[in-house]
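From a predicted model like this one, the values you see are computed outputs, not experimental measurements. Atoms considered below: every heavy atom in the structure, side chains included; atoms not considered: hydrogens, waters and symmetry mates.
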Amino acid sequence: MRLDEYAAHDGTGLTHLLKKGEVTPKELGRCVERAVAAVNPALNAVIELYPDALETLSEVASATPFGGIATLTKDFPMEAGRRADFGSRLAQGFRAGHDAVYWTRLRAGGLNNVGRTTSSEIGVPAVTESALYGATRNPWNPERGVAGSSGGAAAAVAAGIVPFAQASDGGGSILNPAAFCGLIGLKPSRGRVTGAPNANAPLLGLATAFMLTRSVRDTAALLDLCHGPDAGDGYEIVLPVRTYRDSIERPPKGLRIALCTRSWPVCRSTRRLSPRPDPQRSGFHPLATMSKRRRRTSTIRTPSRRRRSSGPPTPPRICRQWPGI
């Protein structure tokens with residue numbers, strides 16, 4: 001399989017090819033190796049690939065939802081025995097003592113971990129630039145960054161190295177890199193994905209692990225595989241009435257969306273900032289693309305403060321992926 005063909009598919013698309021016998025997990029692993037060799041020197045997204053994992057990829061698709069697709073995990077403890085440096089020289093050489101429970105569910109669903117991606121140090125800074133591994137660059141424009149802390153995962157998915165990659169989020173570590181790289185970045189609600197066994201609710205449930213993807217259908221299918229509590233979890237959430245994959249195929253009904261017109265007050269400011277542009281007058285409105293028949297909008301006003309949030313972000317420019325490969 002050529003790299004441009006490989007990168008054109010999301011995980012669900014690659015799974016269809018696996019089930020039809022048009023490609024094998026071993027071939028997909030070779031695509032990951034070639035992709036890393038082609039673009040990682042410019043991006044610095046992948047710390048290492050695991051030769052043992054690549055060598056043991058099957059020549060036949062497994063009877064699992066994803067059939068044996070190769071993917072990457074973040075530089076945090078995820079799989080027993082694998083290094084997890086937390087993006088920091090303080091933790092350099094640390095190895096995970098246990099499999100993360102939610103990762104065992106994804107692995108049982110046909111995902112193969114073949115390497116790890118860069119993270120900001122200890123997952124705290126909002127940029128993926130550490131003294132240990134340096135800066136990770138954005139595939140859309142290598143002169144720009146990828147936010148953090150799951151920046152390496154975002155860069156790898158956006159560049160087409162893998163169709164999706166493991167990530168985690170406590171304060172925007174999935175959401176921000178997804179926004180910077182044009183990806184689907186879902187942070188599951190507290191209790192949706194277990195943090196067992198190391199912590200059943202990291203940061204009192206504020207932190208959670210999941211995946212960065214290039215398609216909504218991949219996100220839904222992956223959440224179907226890994227959601228649910230583990231024994232001893234401190235937080236649980238009501239189970240869905242149907243699969244997420246099924247839910248995205250159903251037209252939404254009676255949505256009610258709250259639109260906050262002012263930022264939540266965090267601190268007082270003595271300096272007056274420029275007023276936020278009026279979305280109605282500027283022609284931009286976040287709900288403009290949604291059908292008026294399927295949603296009701298409630299405007300929420302928060303306590304007034306002098307400090308206001310900035311206007312809507314500028315959409316990222318489009319770039320070509322895999323030119324000439």
Side-chain angles (χ1 to χ4, degrees), residues 1 5-33 35 49-74 77-82 96 98-117 153 156-157 160-168 183-184 186 188 192-197 208-231 239-240 242-249:
M1 174 179 278
E5 296 174 328
Y6 166 74
H9 292 283
D10 64 356
T12 302
L14 291 175
T15 301
H16 291 330
L17 297 180
L18 285 168
K19 291 183 177 180
K20 290 190 295 183
E22 296 182 15
V23 69
T24 69
K26 177 80 76 175
E27 289 179 272
L28 295 182
R30 294 194 191 104
C31 287
V32 174
E33 290 184 274
L49 293 177
Y50 304 139
D52 59 323
L54 289 164
E55 290 171 5
T56 55
L57 290 175
S58 175
E59 294 284 2
V60 180
S62 62
T64 58
F66 278 102
I69 288 179
T71 188
L72 301 167
T73 55
K74 189 176 176 179
M78 192 56 51
E79 196 167 61
R82 298 296 188 190
H98 308 277
D99 286 333
V101 170
Y102 104 99
W103 181 252
T104 64
R105 297 171 180 173
L106 290 174
R107 192 168 57 202
L111 272 61
N112 289 307
N113 178 24
V114 299
R116 61 187 171 120
T117 59
V157 175
I161 294 174
V162 286
F164 41 64
Q166 185 269 328
S168 57
L183 303 176
I184 308 297
L186 173 69
R192 181 63 69 204
V193 176
T194 180
T208 188
F210 190 47
M211 307 287 286
L212 281 159
T213 77
R214 293 199 301 268
S215 71
V216 173
R217 64 181 185 175
D218 277 3
T219 296
L222 290 164
L223 192 56
D224 281 332
L225 288 178
C226 70
H227 80 85
D230 191 49
L239 294 175
R242 62 180 64 90
T243 67
Y244 294 106
R245 192 69 178 85
D246 181 52
S247 295
I248 66 172
E249 302 294 339

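- Here the CD-NE2 distance, from Glu22 to His16, works out to 11.5 Å after rounding to the nearest 0.5 Å.
- Rounded to the nearest 0.5 angstrom, Asn113 CG and Tyr50 OH are separated by 5.0 Å.
- Phe66 pairs in a side-chain contact (heavy atoms from CB on, under 4.5 Å) with only one of the listed residues (Leu18, Leu14, Leu222), which is Leu222.
- Rounding to the nearest 0.5 Å places CZ of Arg107 at 10.5 Å from OG1 of Thr73.
- How far OG1 of Thr243 is from CG of Asp224: 4.5 Å, rounded to the nearest 0.5 Å.
- In this structure the side chain of Gln166 never reaches within 4.5 angstrom of the side chain of Thr71, judged on heavy atoms.
- Residues Val101 and Pro197 have side chains in contact (heavy-atom distance under 4.5 Å, counting atoms from C-beta outward).
- Side-chain atoms of Tyr244 and His227, non-hydrogen and from C-beta on, do get closer than 4.5 Å to each other.
- Residues Thr213 and Asp218 have side chains that never bring a donor and an acceptor to within less than 3.5 angstrom of each other.
- Here the side chains of Leu225 and Arg105 are not in contact, with every heavy-atom distance at 4.5 Å or above.
- Taking the side chain as every heavy atom from C-beta outward, Leu183 and Arg214 approach each other to under 4.5 Å.
- Across Lys26 and Leu54, no two heavy atoms sit closer than the pair NZ-O, 3.7 Å.
- Between Val32 and Tyr6 the shortest side-chain heavy-atom distance falls below 4.5 Å.
- With Arg192 as the partner, the side-chain contact (heavy atoms from CB on, under 4.5 Å) test is satisfied by one option alone out of Leu186, Thr208, Leu223: Leu223.
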